[in-house]
Amino acid sequence: MKTTYEKLEHVRALMLQAVKQYGLSHPLVLMYSEEIDQIHNDILMIQNHKEVPFTKQRT
């Protein structure tokens, strides 16, 4: 099983490969970029010992 950092590096490598093949504005590149952002946010949450925020407000 990959660590969060390994996942980040794996997706980053995929994104760079897609950039070389398709260019910066290709939807696949944008998808990888969004995935990297999410993984990075997860790392920051773990480092700050916070729970992942809810997407909906509790009632």
Side-chain angles (χ1 to χ4, degrees):
M1 180 176 245
K2 292 183 180 182
T3 68
T4 306
Y5 292 105
E6 290 170 332
K7 280 197 282 188
L8 179 70
E9 287 303 313
H10 176 73
V11 176
R12 188 178 77 79
L14 291 173
M15 184 183 75
L16 291 175
Q17 184 178 15
V19 166
K20 288 178 185 177
Q21 188 170 357
Y22 302 113
L24 281 174
S25 62
H26 191 274
L28 183 61
V29 174
L30 300 176
M31 181 195 75
Y32 286 140
S33 177
E34 289 173 358
E35 189 172 347
I36 288 169
D37 289 345
Q38 183 58 55
I39 295 168
H40 185 250
N41 288 339
D42 293 345
I43 290 170
L44 291 175
M45 289 297 225
I46 291 167
Q47 287 177 343
N48 291 321
H49 304 289
K50 294 180 181 175
E51 291 183 26
V52 177
F54 292 105
T55 54
K56 292 184 179 179
Q57 256 187 329
R58 286 185 163 182
T59 54

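Along the sequence shown, residues are numbered consecutively beginning with 1. Computed from a predicted structure; not experimentally measured.
No continuous path of ILVMFWY side-chain contacts below 4.5 Å connects Ile39 to Met45, so the two sit in separate hydrophobic clusters. Placement of Ile36 and Leu24 within a single hydrophobic cluster is found when ILVMFWY residues are connected by side-chain heavy-atom separations under 4.5 Å, directly or transitively. Follow the hydrophobic side-chain contacts under 4.5 Å out from Met15 and you reach Tyr5 in the same cluster. Two different hydrophobic clusters hold Leu14 and Leu16 under the rule that ILVMFWY side chains link at heavy-atom gaps under 4.5 Å. Tracing side-chain contacts under 4.5 Å through hydrophobic residues (I, L, V, M, F, W, Y), one never reaches Leu28 starting from Leu30; they form parts of separate clusters.
Applying the salt bridge (charged side-chain N to carboxylate O under 4.0 Å, His left out) definition to pairs two or more places apart or across chains, none involves residues 21-35. Note on residues 11-32: pairs passing side chain to side chain donor-acceptor pair (under 3.5 Å), not counting sequence neighbours, are Glu9-Arg12. Residue pairs meeting the salt bridge (charged side-chain N to carboxylate O under 4.0 Å, His left out) criterion with at least one partner in residues 22-32, sequence neighbours excluded, do not occur; the list is empty.
In this structure, CG on Asp37 lies 11.0 Å from CG on Asp42, to the nearest 0.5 angstrom. One finds the CG atom of Leu8 at 9.0 Å from the OG1 atom of Thr4 (value rounded to the nearest 0.5 Å).
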